[in-house]
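Since we're looking at a predicted model, the values are computed, not measured. Because only heavy atoms are used, hydrogens play no part in the values below, and waters and symmetry mates are left out as well, while side chains stay in. Counting from 1, the numbers follow the sequence of the chain as shown. Remember, it's 1-based here, ligands and their atoms both numbered in the order they're listed.
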Amino acid sequence: MPRTYPSPPVELPLRLDGDPEPDTDCDVCQALDEQRSEARAKRDMSKVSDLNIEIRNHPHRGKGRRS
Ligand SMILES: [Zn+2]
């Protein structure tokens, strides 16, 4: 019986663009991060990616350098 060539792994996309890090000083980002964890636990990847977008797009002043 001929072996079929191994099909490419079609598992869940673990990372699309990589998860954005929530700003540790931002309550909104922290809340979004919690929701993201819950959504991920439920395998609700469309919600996870929505939350990723929200976290990534959440505006912060003086990000990375405070003066
Ligand atoms: Zn934020």
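Scanning for side chain to side chain donor-acceptor pair (under 3.5 Å) contacts around Thr24 gives an empty result, with sequence neighbours left out. Among residues two or more places apart in sequence or in another chain, the side chain to side chain donor-acceptor pair (under 3.5 Å) test is passed with Asp50 by none.
Atom NZ in Lys42 sits 11.5 Å away from atom OG in Ser37 (nearest 0.5 Å). One finds the NE2 atom of His58 at 5.0 Å from the NE2 atom of His60 (value rounded to the nearest 0.5 Å).
Neighbours of the Zn ion (ligand 1) restricted to protein N, O or S atoms under 2.8 Å: the count is 4.
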*Quick one: do Arg40 and Asp19 satisfy salt bridge (Lys or Arg N to Asp or Glu O under 4.0 Å)? Show the steps, please.*
CA-CA 12 Å; Arg40 195 191 305 279; Asp19 292 349; 2.6 Å; yes
Could you go through residues 28-36 and list every donor-acceptor pair under 3.5 Å that involves a side-chain atom there, pairing it with any protein atom two or more places apart or in another chain?
| unit_1 | atom_1 | unit_2 | atom_2 | d |
| --- | --- | --- | --- | --- |
| Gln30 | NE2 | Asp23 | O | 3.1 |
| Asp33 | OD1 | Arg36 | NH2 | 2.8 |
| Arg36 | NH1 | Pro20 | O | 3.0 |
| Arg36 | NH1 | Asn52 | OD1 | 2.7 |

